[in-house]
2 protein chains.
Amino acid sequence: MNHLHQIYQVIWQSRPLMQAAEAAVERGLEGSGLTVRMRAVLEILADGGAATVPDIAQRLEIKRQYVQLMINDTHAAGFTEAVPNPRHQRSKLIALTEVGQRLITQVMQREKELLKRIGGDLPDGELGITLKTMQQLIARLKSATEEKTP
Amino acid sequence: MNHLHQIYQVIWQSRPLMQAAEAAVERGLEGSGLTVRMRAVLEILADGGAATVPDIAQRLEIKRQYVQLMINDTHAAGFTEAVPNPRHQRSKLIALTEVGQRLITQVMQREKELLKRIGGDLPDGELGITLKTMQQLIARLKSATEEKTP
DNA sequence: TCTTATTGACATTACAAATGTCATAATGAC
DNA sequence: GTCATTATGACATTTGTAATGTCAATAAGA
């Protein structure tokens, strides 16, 4: 297998990897009352604490309008609530409710256990190389794409 | 960075990698008259020769009904044509036209050059490890997801 | 031959996400 | 402090990818 073909392979394995990962997450959500997109919001909030809709959009790298829809869902389900934002009157902070906190903690715990089962035996060094390589490819692809079209 | 977090990172870098790769492909298609999904079909045909719609679907791992739509596009654009299939009366083989052949060859050549610019300096060994790791993760995620739900 | 599977063709639905728009409200420059 | 600019929420529309559903015609296999 030559060099170019190897790079090609690595790049295009990203799609099946992503699909497999998302399917696994979806599977783990069964019966929790969460959808994948609700989970994405809860994870952000669990990791970084309460945030505004535009903040969440930025972290998820999607448009704020779409995040609004997600938040509508999580609010309706009682997993999040709007709390006053000291730094902004209109733009409330979105915070986990107690129920939401408990749920996302449990979901993330289960995912952690899955990760352990799945990759517990992969050598640290190889994971590090993999991560580094993927990140380099991402950075270079991005800059090549943006080249001369800012 | 602990082990689990490393695996987590690798898995979730697959989405940005895929997005960056697709954006790069899209960029390279500008002005060619090809869309991303037309390109996918032409690539399959260029690699494996003429094939039926269900064959193509299987290789792309998507439903045949969706491939039909792609083929409609490529036929309409004159990049592919239906030729008689010795092994099946109704299910014609989809083949590249001369124009299609020339176009996909050129597109793939340009992509190859981009790959060279992007990853030419990545060590073979690291690429190999990356590919292996990604494939292991895919396989394990898949089997974990299918577990007890065949 | 007869039953079953495959195929093409077309319609419907689902989902993620982008984009468009508007009124309101917050911020920053002056 | 006023005024222009920007940010936000709320809602509507559109796009792209793909899955699903359905049906008639046809091909393959028992």
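Chain letters run A, B, ... following the sequence lines, proteins first, then strands; residues in each count from 1.
- Whole-Å rounding puts the A/Y66 OH to C/dG20 P distance at 18 Å.
- Rounded to an integer number of Å, the gap from B/M18 CE to C/dA17 C1' is 12 Å.
- If you check D/dT22, D/dC11, D/dT8 against the side chain of B/Q65, the one that comes closest is D/dT22.
- Rounding to whole angstrom units, CG of residue B/L69 and C1' of C/dT13 are separated by 14 Å.
- Going from atom NZ of B/K92 over to atom C1' of C/dA9 covers 14 Å, rounded to whole Å.
- When distances are taken from the side chain of A/P54 to each of D/dA19, D/dG9, C/dT19, the shortest belongs to D/dG9.
- Residue contacts for A/R64: at a heavy-atom cut-off of 4.0 Å it reaches a base atom on one of the strands shown.
- For A/Q109, the CD atom sits in a packed shell: over 12 heavy atoms of surrounding residues, nucleotides or ligands are nearer than 6.0 Å.
- Other residues, nucleotides and ligands contribute more than 12 heavy atoms inside 6.0 Å of the CD atom of A/E113.
- A straight line from CE of B/M38 to P of D/dT17 spans 12 Å, rounded to a whole angstrom.
- What you find for B/A77 and B/M38 is that their closest heavy atoms are CB-CE, 3.6 Å.
- In terms of phosphate contacts, A/R37 brings a side-chain nitrogen or oxygen within less than 4.0 Å of OP1 or OP2 of C/dA16.
- Spacing between atom CZ of B/R39 and atom P of D/dT17 amounts to 13 Å, rounded to whole angstrom units.
- Mapping B/E61 and A/V53 onto DNA chain D by nearest heavy atom places A/V53 at the nucleotide closer to the 5' end.
- Closest contact between the side chain of A/S91 and the listed nucleotides D/dG9, C/dT19, C/dG8 involves D/dG9.
- A salt bridge links A/E43 with A/R39: at least one charged nitrogen is closer than 4.0 Å to a carboxylate oxygen.
- Ranking D/dA19, C/dA17, D/dT17 by closeness to the A/M70 side chain, first place goes to C/dA17.
- Here D/dT17 presents its C1' atom at 13 Å from CZ of B/R15, a figure rounded to the nearest Å.
- Residues A/V107 and A/V25 have side chains not in contact (no heavy-atom distance under 4.5 Å, counting atoms from C-beta outward).
- B/K63 has its NZ atom 16 Å from the P atom of C/dG8, to the nearest Å.
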